[in-house]
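What follows is one structure encoded as structure tokens, with my remarks underneath.
Indexing begins at 1, ligand by ligand and atom by atom, following the structure's order.
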Amino acid sequence: MAILFTSPGDNAQDWRAALARHMPGETVRVWPDIGPREAIEFAIAWQPPPGLLASLPNLRAILSLGAGIDHLTSDPQLPRHVPLIRLIDPSLASQMSEYVVMNVLRHHRRMPDYASLQAKGRWHPLLPAPDTTKRRVGLMGFGVLGSDAAEKLKPFGFPLRAWTHRPHDLGDVQAFHGAAGLNGFLAGCDILVCLLPLTDDTRGILDARRLAVLPRGAALINAARGGHVVTPDLLAALESGQMSGATLDVTDPEPLPPDHPLWRHPRVTITPHVASATLPETAAVIMAESIRRLRAGSPVSGQVDLTRGY
Ligand code: NDP
Ligand code: OXD
């Protein structure tokens, strides 16, 4: 039996070496050189070719190379009876929190405004001085990544709020949930951070109607998926002054075409889906443990509930 590795953007040799260190004795096949399809027992995958997973008759589980699984559920032929495990890796959470803290502080301290003042050679303090206790930060999605980011934002003193699917008691983070809680949540987000999974319920969630509920001049940090934001609506909100700025790690489509208006918008900062990247060395340890537990019939952390969509 063998483990299949398939990802268009990752270095297969690095992965092969990391998997060999943590799963010695396993046969690892790298797409497209997969050998006999009936020998594939587990698939470690990011954006696999559509139909590939369905063509593996003895597949016991699919392990996502990332925290998200939309790159797998977008395949209409995904074998939905096969357990799907998303990656829960402390390294993903700490990288994401660095990105969130860095960009929350950047918007809070008006760094995009100072960059444009610098470009004009203008020495001009923007007053009043920023006060974290008056800047409300909202986390849309408070799972593994959102909750870690909140812990790392707490020492700065921002009033924090979160929006989730189900009700939760979040202590000193003000909690909102479900469709009924969305507008109340958005109305108090001076800086909105999107860390939702992309599902049928969340696709296009940040549209003109929702952006209009934010306090005037709010900033958006989207590190989840480009499909959460309706881009023409975001551009209109930036033009009207409803939004003061946006930092986008993810776009729709990806890669963003060179002539796309987001690239050159003065109030938009783009990074190319790098907020948090899967590292072979940390992820291979977690995947080896998941495979060991799957073989033993033990529960595995990160098992996706496909009826819920995340
Ligand atoms: P989790 O599954 O741990 O958390 C998801 C959160 O979203 C939960 O709080 C959940 O609510 C909430 N949620 C889901 N659906 C809804 C809904 N319909 N309405 C309201 N809240 C909802 O995911 P992670 O934190 O691990 O990851 C989040 C996403 O971040 C990934 O799916 C991926 O898209 C993105 N990501 C981006 C990366 C990048 O580099 N840009 C890197 C890694 C991930 P509840 O708590 O009630 O279940
Ligand atoms: C992920 C990602 O889902 O990198 O892990 O986007």
Beyond-backbone contact of [X] with [Y], side-chain heavy atoms, under 4.5 angstrom:
{"X": "Ser64", "Y": "Ile85", "result": "no"}
{"X": "Val304", "Y": "Tyr310", "result": "no"}
{"X": "Thr73", "Y": "Leu306", "result": "yes"}

Note to self: Taking Pro257's backbone N and O only, do any of them form a donor-acceptor pair with His260's side chain (distance below 3.5 Å, no angle check)?
What the structure shows: no

Under 3.5 Å donor-acceptor, Thr202 side chain and Pro197 backbone: yes

Arg86 touching ligand 2 at heavy-atom level, < 4.0 angstrom: no

Does ligand 2 have any atom sitting under 4.0 Å from a heavy atom of His71?
no

| task | Apply side-chain contact (heavy atoms from CB on, under 4.5 Å) to the pair Val137 and Phe156, showing each step before the final yes or no. | result | CA-CA 11 Å; Val137 177; Phe156 294 98; over 6 Å; no

| message | Just to be sure I understand the cut-off, which residues have at least one non-hydrogen atom under 4.0 angstrom from an atom of ligand 1? | response |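 Close residues (ligand 1, cut-off 4.0 Å): Ala67, Gly68, Arg86, Met96, Gly141, Phe142, Gly143, Val144, Leu145, Trp163, Thr164, His165, Arg166, His168, Leu195, Leu196, Pro197, Asp201, Thr202, Ala223, Ala224, Arg225, Asp249, Val250, His273, Ala275, Ser276, Tyr310.
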
For [atom], closest protein heavy-atom neighbour:
{"atom": "atom 2 (C) of ligand 2", "answer": "His273 NE2, 3.5 Å"}
{"atom": "atom 1 (C) of ligand 2", "answer": "Ala67 N, 3.4 Å"}
{"atom": "atom 4 (O) of ligand 2", "answer": "Ser276 O, 3.5 Å"}

Would one find more than 12 heavy atoms of other residues, nucleotides or ligands at under 6.0 Å from atom NZ of Lys154? yes

Under 6.0 Å from the CZ atom of Arg109, do we count more than 12 heavy atoms belonging to anything else shown?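 Count not over threshold, so no.
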
Ranking Gly9, Ser64, Gly68 by closest non-hydrogen atom to atom 3 (O) of ligand 2, top hit is Gly68

Applying side chain to side chain donor-acceptor pair (under 3.5 Å) to Glu98 and not counting sequence neighbours gives none

Problem - Per-atom contacts of ligand 2 with Arg225, taking only distances under 4.0 Å to non-hydrogen atoms - result: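 Here the atoms of ligand 2 in question are 1 (C), 2 (C), 3 (O), 6 (O).
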
